[in-house]
Amino acid sequence: QVQLVESGGGLVQPGGSLRLSCAASGSIFRFNVMGWYRQAPGKERELVATISNLDYTKYTDSVKGRFTISRDNAQNMVYLQMNSLNPDDTAVYYCYESDRYNGDSWGHGTQVTVSS
């Protein structure tokens with residue numbers, strides 16, 4: 001099993017920045033994909049960004065050019081740098097890990113609120 005713990009959420013003004021962190025522990029298979037999803041009130045959970053163990057990245061269109069995903073394999077960490085935040089980015093952000101042995105794993109989420 002893989003355990004994921006997010007941190008770094010909070011309240012930020014429009015145009016501001018936040019950096020989310022996710023610490024992974026447990027039986028981590030090094031050939032995996034990690035990433036971030038988000039769920040806004042009344043909406044379905046959606047992909048934000050993912051990164052493979054070879055650093056291949058994927059972003060949803062609405063965050064391209066504003067968000068950057070990265071990972072530290074030695075520390076089993078994944079990060080999401082979020083710039084130029086706007087109210088539409090308000091959501092609970094979930095860390096995600098997927099590999100062939102453990103399947104999909106999720107963190108408990110961290111709230112990001114963009115408001116003046």
Side-chain angles (χ1 to χ4, degrees):
Q1 288 186 338
V2 176
Q3 294 79 45
L4 303 170
V5 179
E6 304 98 336
S7 61
L11 173 65
V12 63
Q13 292 186 341
S17 298
L18 281 175
R19 187 191 193 211
L20 304 183
S21 300
C22 174
S25 61
S27 301
I28 301 168
F29 185 55
R30 65 191 183 98
F31 299 107
N32 65 0
V33 173
M34 299 190 73
W36 295 90
Y37 281 68
R38 66 186 179 187
Q39 187 166 18
K43 296 187 177 180
E44 293 186 354
R45 190 174 296 189
E46 66 168 354
L47 168 73
V48 177
T50 58
I51 184 167
S52 75
N53 57 290
L54 297 177
D55 287 339
Y56 293 121
T57 59
K58 177 181 178 181
Y59 296 90
T60 192
D61 286 345
S62 64
V63 308
K64 287 180 180 177
R66 300 188 298 123
F67 291 10
T68 303
I69 190 169
S70 61
R71 62 189 286 170
D72 181 336
N73 291 329
Q75 299 294 325
N76 291 321
M77 297 287 295
V78 64
Y79 305 97
L80 186 68
Q81 177 65 44
M82 305 185 295
N83 299 327
S84 301
L85 286 160
N86 62 63
D88 290 339
D89 297 315
T90 295
V92 177
Y93 284 70
Y94 296 92
C95 184
Y96 162 84
E97 191 273 354
S98 181
D99 65 68
R100 63 189 299 177
Y101 292 110
N102 296 294
D104 295 344
S105 301
W106 297 91
H108 292 294
T110 185
Q111 177 70 46
V112 172
T113 302
V114 185
S115 175
S116 55

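- Side chain of Thr50 to main chain of Met34: no donor-acceptor pair is present (N/O by atom type, distance under 3.5 Å, no hydrogens or angles).
- Within the model, atoms SG of Cys95 and CG of Leu20 stand 9.5 Å from one another, a figure rounded to the nearest 0.5 Å.
- Remark: Tyr93 OH to Trp36 CH2 distance equals 10.5 Å, nearest 0.5 Å.
- Remark: side-chain polar atoms of Asn102 are paired, donor with acceptor, to backbone N or O of Ser27 under 3.5 angstrom.
- Relative ring orientation between Trp106 and Tyr94 is described as perpendicular, the plane-to-plane angle rising above 60° on a 0-90° scale split at 30° and 60°.
- If you take OG on Ser115 and CG on Leu85, they are separated by 12.0 Å, rounding to the nearest 0.5 Å.
- Under the side chain to side chain contact (heavy atoms under 4.5 Å, CB included) test applied with Ile51, the options Thr68, Thr57, Asn32 reduce to a single match, Thr57.
- Interatomic distance, Phe67 CZ to Met82 CE, rounded to the nearest 0.5 Å: 5.5 Å.
- The CG atom of Asp104 lies 8.5 Å from the CD atom of Glu97; values are rounded to the nearest 0.5 Å.
- Without hydrogens or angle criteria, Glu6 side chain to Gly109 main chain gives a donor-acceptor distance under 3.5 Å.
- The CG atom of Leu80 lies 11.0 Å from the OG1 atom of Thr110; values are rounded to the nearest 0.5 Å.
- A donor-acceptor pair shorter than 3.5 Å cannot be found between the side chains of Tyr37 and Arg45.
- Both the sub-6.0 Å distance and the 45° axial angle are satisfied by Arg19 relative to the ring of Tyr79.
- Looking at Arg66, its side chain does come within 3.5 Å of a backbone N or O of Ser84 through a donor-acceptor pair.
- Arg100 contributes no side-chain N or O that, together with a main-chain N or O of Phe31, makes up a donor-acceptor pair within less than 3.5 Å.
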